[in-house]
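Note sheet for the following structure.
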Amino acid sequence: MPSQWKRQQIHIAGQWLSADSGRTLDVINPATGERIGTVPDAGAAETRRAIEAASQAFDESRALTGNERAVLLRHLHDLLLDNREALAELLTSEQGKPLAEARGEIGMSAAYILWFAEEARRVYGDIIPSPWRDRRVLVTKQPVGVVGAITPWNFPSSMLARKLGPALAAGCTVVAKPAPQTPFSGLAWGALCEAAGFPSGVVNIVTGSATEIGGELTSNPLVRKITFTGSTAVGKKLIQQASGTVKKVSMELGGNAPFLVFDDADIDRAVAGAIEGKFRNAGQTCVCVNRFYAQAPVYDQFVEKLAAAAAALKLGDGREPDVQQGPLIDSNALAKVESFVADAVQNGGRVVTGGRRHALGGTFYSPTVIADANAAMKLAREEIFGPVAPVFKFQTEDEAIRLANDTEFGLAAYFHTNDLGRVFRVSERLDYGIVGVNEGLVTTEVAPFGGFKQSGTGREGSKYGIEDYLEIKYVCVGGLGVVAPANQSEPHEANSDGK
Ligand code: NAP
C-alpha cells in the first residue's frame, strides 16, 4: 500500500501542485533499477511563488511565541516516530541504504526536531550594562526571515531535519529543494509539517532543475539565508550567487576524513570503528573515512583485520533483513569509484579485498581495502564517496598529523590510541570540526556538526545550531532620566562616541 507520506507533487503555500510545464522526473530504486514514481520538474517560476508564499507566511511564523513553536515541533517529532517504519521504507526505496540505517536516520531526524523544539524556548537576549546613565542597552534575537535550503541524497531526511528544526524553532519560513535522486523523503517533510499544524506557506518544497531553483533562491531578495549541504564545488557556486544580495550562508560541504591508527591502539576496536566509519551508507557520507593511516608496527595487522571484516559485510537490497551495505546511488557514483580504484592500482596500490563490482550487478560495489596507498593516488586528495578503504603507512605522531591535515577539507577526523597524552595532543592539532577518538560514530543532535576550511561554514545541531537562523538586534532605549547621587548636584557626563 502506498505510504501517505509519498507525495509526487511539490508543496507551495499549503497546496500540492504539478510543475507549470507538466514535466516530471523519474525516481529510481537504486537496488532494483525500477522506477518508483515521479516528481515535478519545476523551475524558477514555481520557486518564486514558493518564496513569495514563505515571505507572506513569515509574519505569522515570527509572531508565534517560542512555546507555540515548540509545541508544533513536538507534534512533528511525534509524527516522525509514529510513522518511522513507513518513512524508513520510503527512504530505503529511493536511496538504497539498509532499512536499519534508514530507521536510524528517521530517528536522528526526530532527535534533531525535538532538540530544536527545546531550543525554541531558549532564544535568550542580553541586557548589557549601559555606559550611559539615562539609556539601556538591550540585545534581542529574531528570525532571519525566508530560508532557502538545498540538500543532498545521502541523508535525504536528516539533512533537512537539521535545517528545518532550527529554522522553524527560530520562527523562519523555508523553501527547500531536495536532491532529485531522493525527492520523496524531502517532500514528506511538507506533508509532515502540514500534519503537525504549521501554517500554510511556512514550509514549501520544490523539486526540479537545480540551476533554476538554486538560481532563484540565491538571487531573490526575499530570501535572507541560504543553507546548503552538498559538495564543496556547488557550495562555492552558491556562496558566489548569494553574494549579490548579501544573504547569510551556512555550508555543510565535502570531507576527506583521515583515520589514524597508532601502535598503542586496540586494533580490534579500531577495525570495528573503521567498518562503521567507512562502510556505513556504502561509504557515501560526508564524515566517512577517506584515508586510513596505520603506524608501521601495526600496519599489516590492521590491513589484514580490516580486509577480513570488510569482506564479511553482507550486500543486498536494503529492504532484505541483515543487509549491511546497499548499492551506490547511481551509475555515475559507480563509475567514480571504479576510476579511483583503477587509479590507485596504477599508482602501486595492492587490492587486499574487493576492487570490483559486486556479483549482485547494478550499482553494487564490493567493500574494498587497498594497501600500500600513497600520496600520488587520487583518493588521497579527493572524496571517494564509496566503499573503498585505502591504507597508508606512517612512522611518527608528527608525520601522522601532518598527513592528516594535508587537505583543503576539514570536516571529520578519527584516531585510535590508548595514550591519554596523545588523545589531547593529536585532537588539538587536527584541523577538523569533528574529531572521533576511539570512536567511529560521533553524530548526535546535542553536538555541533560542521567543518573547518573548505568543508564549510556554520554549525548544525547543538546550542550553536539555531544561531545561524537568528539576527542579533541591539536596541538602545534612551531618555530615561538620571537619578543624581544624593551628594552630587550635576549628573556625571556619560561616555559617547557621538555616533
Ligand atoms: P551536490 O552535487 O553538491 O548536490 C547537493 C544538492 O545541491 C542537490 O540537491 C543538487 O541538486 C543541488 N545542486 C547542484 N548544483 C546546484 C546548483 N548549481 N544550484 C543549486 N543547487 C544545486 O552533492 P551530492 O553529490 O548530492 O552530495 C554529496 C556531497 O555532499 C559530498 O561532497 C558530501 O561530502 C556532501 N555532504 C556534506 C555533508 C555535511 O554535513 N558536511 C552532509 C552530507 C553530504 P541536483 O542533483 O539536481 O544538481
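Counting convention: from 1, in listed order, for ligands and their atoms alike.
When atom types are taken as modelled, the side chain of Asp41 and the backbone of Leu25 share no donor-acceptor pair closer than 3.5 angstrom. A donor-acceptor pair under 3.5 Å links the side-chain atoms of Ser61 to the main chain of Gly171, judged by distance alone.
Between Arg35 and Asp26 there is a salt bridge, with a side-chain nitrogen of the basic residue lying less than 4.0 Å from a carboxylate oxygen of the acidic one. At a threshold of 4.0 Å, the pair Lys177-Glu216 does not count as salt-bridged, since none of the basic side-chain nitrogens sits closer than that to a carboxylate oxygen. Salt bridge annotation for Lys314-Glu320: absent, with no cationic side-chain nitrogen under 4.0 angstrom from a carboxylate oxygen.
Between atom 37 (C) of ligand 1 and the options Cys286, Gly186, Ser455, the minimum heavy-atom separation is to Cys286. Nearest-residue assignment for atom 14 (C) of ligand 1 (options Asn281, Val234, Thr218, Ile434; heavy-atom criterion): Val234. With Gly433, Pro152, Gly230, Ser158 as candidates, the residue nearest to atom 30 (O) of ligand 1 on a non-hydrogen basis is Gly230.
Taking the six-membered ring for Trp and the full ring otherwise, the centers of Phe259 and Phe292 sit less than 6.0 Å from each other. When ring centroids are compared, Trp153 and Phe385 come within the 6.0 Å threshold.
The closest side-chain heavy-atom distance from Glu471 to Pro143 is not below 4.5 Å. Looking only at side-chain heavy atoms (C-beta outward), Leu80 and Leu192 come within less than 4.5 Å of each other. Contact annotation: the side chain of Arg48 approaches that of Asn220 to within less than 4.5 Å [non-hydrogen atoms, C-beta and beyond]. The shortest distance between side-chain heavy atoms of Arg280 and Thr285 falls below 4.5 Å.
When heavy-atom distances to ligand 1 are checked against a 4.0 Å cut-off, Gln284 has no atom that comes that close, whether in backbone or side chain. At a heavy-atom cutoff of 4.0 Å, ligand 1 is contacted by the side chain of Leu411 but not by its backbone. Residue Phe155 does not touch ligand 1, judged by heavy-atom distances below 4.0 Å. Contact annotation: for Leu217 versus ligand 1, there are no heavy atoms closer than 4.0 Å. Counting heavy atoms under 4.0 Å from ligand 1, residue Glu383 touches it through the side chain alone. Counting heavy atoms under 4.0 Å from ligand 1, residue Leu238 touches it through the side chain alone. Residue contacts with ligand 1, taken as heavy atom pairs separated by less than 4.0 Å, involve Ala210 via backbone and side-chain atoms alike.
The side chain to side chain donor-acceptor pair (under 3.5 Å) test with Tyr112 singles out one residue from Glu445, Arg162, Lys163, and that residue is Arg162.
Atom 2 (O) of ligand 1 has Ser231 OG, 3.9 Å as its closest protein atom, hydrogens excluded (heavy atom only). In terms of protein heavy atoms, atom 46 (O) of ligand 1 is closest to Pro180 CD, 3.2 Å. For atom 9 (O) of ligand 1, the nearest non-hydrogen atom of the protein is Thr151 O, 2.8 Å. What sits closest to atom 7 (O) of ligand 1 on the protein, heavy atoms only, is Phe228 CE1, 3.2 Å.
Under the 4.0 angstrom criterion for non-hydrogen atoms, Gly451 is not in contact with ligand 1. Assignment of Trp153 to the shell around ligand 1 is supported, since a heavy atom sits closer than 4.0 Å.
Taking only nitrogen or oxygen atoms, main chain and side chain alike, Gln241 does not reach within less than 3.5 Å of ligand 1. At least one N/O-N/O distance between Lys177 and ligand 1 falls below 3.5 Å. The shortest N or O to N or O distance between Leu253 and ligand 1 is below 3.5 Å. Not a single N or O atom of Lys237, backbone or side chain, sits closer than 3.5 Å to an N or O atom of ligand 1.
Heavy-atom contacts of Ile150 reach the following atoms of ligand 1: 6 (C), 7 (O), 9 (O), 12 (C), 20 (C), 21 (N) (cutoff under 4.0 Å). If you number the atoms of ligand 1 from 1 as listed, the ones under 4.0 Å from a heavy atom of Ala179 come out as 9 (O). Contact atoms of ligand 1 toward Phe449: 39 (C), 40 (O) (distance under 4.0 Å to a heavy atom of the residue). Interface of Asn154 with ligand 1, defined as ligand atoms under 4.0 Å from a residue heavy atom, comprises 43 (C), 44 (C). Those atoms of ligand 1 that come under 4.0 Å of a heavy atom in Thr229, given as number and element, are 5 (C), 36 (N), 37 (C), 38 (C), 39 (C), 40 (O), 42 (C), 43 (C), 44 (C). Atoms of ligand 1 lying under 4.0 Å from at least one heavy atom of Gly254, given by number and element, are 32 (O), 34 (O).
Because its NZ or CZ atom is both nearer than 6.0 Å to the ring centre of Phe155 and within 45° of the ring axis, Lys97 counts as a cation-pi partner of that residue.
Put simply, atom 41 (N) of ligand 1 has protein non-hydrogen atoms near it, under 4.0 Å away.
Here the shortest heavy-atom pairing between Leu91 and Ser157 reads CD1-CB, 4.0 Å.
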- Message: For Phe452 and Tyr432: C-alpha separation, side-chain torsions, deciding distance, then whether ring-ring contact (aromatic ring centres under 6.0 Å, His included) applies.
- Response: CA-CA 6 Å; Phe452 288 10; Tyr432 288 84; 7.6 Å; no
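The environment of NZ in Lys336 is crowded: more than 12 heavy-atom neighbours from other residues, nucleotides or ligands sit within 6.0 Å.
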